[in-house]
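Whatever order the structure lists ligands and atoms in, that order sets their numbers, starting from 1. Because the structure is a prediction, the values reported are computed rather than measured. Each residue takes its place number in the sequence, starting with 1.
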Amino acid sequence: MRVLIVGSGGREHAIAWKIAASSKVDKIYCAPGNAGIEEYAECVDIKAMEFDKLAAFAKEKEIDLTVIGMDDPLVGGIVDVFEKEGLRVFGPRKNAAILEGSKAFSKDLMKKYNIPTADYQNFDNPEDALAYLENAKYPIVLKADGLALGKGVLICSTLEEAQDGVKTIMLDKQFGESGNCMVIEEFMTGREVSVLSFVDGKTIRTMTSAQDHKRAGDGDTGLNTGGMGTFSPSPFYTKEIDEYCQKHIFQPTVDAMAAEGREFKGIIFFGLMLTADGPKVLEYNARFGDPETQVVLPRMKTDIVDVFEACIDGTLDKTELEFEDNAAVCVVLASDGYPVKYDKGLPVRGLENFSGKHGYYVFHAGTKKDEKGIVTNGGRVLGVTATGKDLKSARANAYEAINWVDFDNKYYRHDIGKAIDEAN
Ligand code: AMP
Ligand code: GLY
């Protein structure tokens with residue numbers, strides 16, 4: 001089989017590694033890819049939003065399966081373009097990717113189908129939003145409706161902050177067109193858990209749980225980032241909670257999308273908050289999480305290509321997912337200054353130390369190859385994942401392995417997975 005992956009981050013590196021492990025696959029391409037993905041795939045210089053070029057490439061190379069890693073192309077309708085050309089592709093169509101592409105849509109869907117989530121109101125103009133805020137309870141959460149690189153959520157402690165937030169999102173349009181519409185939502189407290197799942201339109205199979213660390217600094221301080229590290233499984237996501245979520249959140253979401261004529265095939269990523277009133281949905285994503293994928297796939301035993309095919313063919317009910325009874329921790333190595341301002345082009349040393357080390361992975365998030373070799377090319381540079389028999393040993397292994405690789409200005413959080421100590 002010949003497979004094309006669309007994307008260029010640590011998530012796509014992990015997907016490429018997992019696809020390469022399938023006995024069915026002879027050749028992998030990745031567009032545009034990165035310096036790490038090159039180990040498994042031939043990287044092609046086509047951008048993720050160049051749908052026609054990508055489809056033409058897939059035809060020319062007789063690609064049997066294309067896997068879309070990123071949200072922008074999915075929300076933009078890449079799957080529809082590929083399907084129209086008769087190409088096999090894994091991911092939701094545009095009318096289903098809206099589950100991630102519009103927070104107002106997803107909130108209305110949850111309300112209509114009684115899926116537990118925070119109370120909210122949608123607004124399409126700043127005057128109504130500002131009037132609503134006068135009598136609201138604080139803290140309160142403001143969300144730009146559309147995609148905003150994970151940055152379109154503002155948690156506001158006071159009326160003044162919230163008024164500024166409305167200005168940022170709807171008037172100054174800091175997140176562009178994403179801010180044409182806005183959700184104002186009740187602030188929830190609790191543990192956050194990410195649950196990724198495969199969906200074939202009717203059947204859903206969830207993967208093992210994970211938890212992300214979104215803030216830049218130790219102790220969950222500093223700015224929000226794309227994710228500074230993850231661990232899997234989450235000790236807070238118990239069997240009991242899983243049963244509740246399967247019944248009240250996961251299957252109902254798949255059924256709701258089907259009932260709306262928006263059959264969902266692909267990955268649904270459930271961002272959950274475990275509140276005192278039970279688990280509630282924080283957000284949906286229509287793709288693998290980054291860096292959740294970097295801890296979930298190294299624990300997955302099932303051939304991922306079989307699962308992709310089952311989703312496309314609608315036969316997921318005949319497929320069981322299997323995961324190792326172990327744990328994984330991923331520590332992101334960033335360039336100091338991320339997510340605001342940071343240098344690029346710094347040589348990366350020591351990558352070879354990972355070769356042949358079972359249970360250790362270095363996934364590239366932002367790297368490229370130049371005349372100096374592999375250099376940094378983004379704020380998040382690498383994700384170092386290690387497995388272990390439990391979270392504690394996976395964590396120790398990951399923090400050992402981050403010393404094997406180096407670049408100037410290397411920055412990382414010291415407390416990825418530390419919350420697990422509280423659980424034990
Ligand atoms: P989202 O992109 O919707 O997941 O939001 C990003 C982050 O903002 C989440 O991971 C939470 O930490 C936080 N957040 C979002 N919605 C809420 C909420 N209703 N209450 C508390 N925190 C929230
Ligand atoms: N780690 C959060 C995300 O992928 O959106």
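The distance criterion of under 3.5 Å between nitrogen or oxygen atoms is met by Arg287 with respect to ligand 2. Of the polar atoms of Glu283, none of the N or O atoms is found under 3.5 Å from an N or O of ligand 2, judged by distance alone.
Remark: ligand 1 atoms within the under-4.0 Å shell around heavy atoms of Glu192 are 9 (C), 10 (O), 11 (C), 12 (O). For ligand 1, the atoms closer than 4.0 angstrom to any heavy atom of Val153 are 1 (P), 2 (O), 3 (O), 5 (O), 6 (C), 8 (O), 15 (C). Applying the 4.0 Å criterion to heavy atoms of Lys103 picks out, from ligand 1, the atoms 2 (O), 3 (O). Shown in contact with Lys214 at under 4.0 Å from a heavy atom are these atoms of ligand 1, numbered in order with element: 10 (O). Interface atoms of ligand 2 facing Asp212, defined by a heavy-atom separation under 4.0 Å, are 1 (N), 2 (C). Each of the atoms 20 (N), 21 (C) of ligand 1 lies under 4.0 Å from some heavy atom of Phe187.
Sparse packing is recorded around CG of Asp52, with 12 or fewer heavy atoms of other residues, nucleotides or ligands lying under 6.0 Å away. Residue Lys137 places its NZ atom among 12 or fewer non-hydrogen atoms of other residues, nucleotides or ligands, all under 6.0 Å distant.
Regarding atom 23 (C) of ligand 1, its nearest protein heavy-atom neighbour is Leu282 CD2, 3.7 Å. In this structure, atom 16 (N) of ligand 1 lies nearest to the protein heavy atom Lys143 NZ, 3.0 Å. Counting only heavy atoms of the protein, atom 13 (C) of ligand 1 lies nearest to Ile155 CD1, 3.9 Å.
For the residues Arg215, Glu283, Glu185, Met188, the heavy atom positioned nearest atom 19 (N) of ligand 1 is part of Glu185.
Taking the six-membered ring where tryptophan is involved, the planes of Phe90 and Phe288 are tilted, since the angle between them lies from 30° to 60°. The aromatic rings of Phe198 and Phe308 sit perpendicular, their planes meeting at an angle over 60°, well past the 30° parallel limit.
Only the side chain of Asn285 comes within 4.0 Å of ligand 2, judged by heavy-atom distances.
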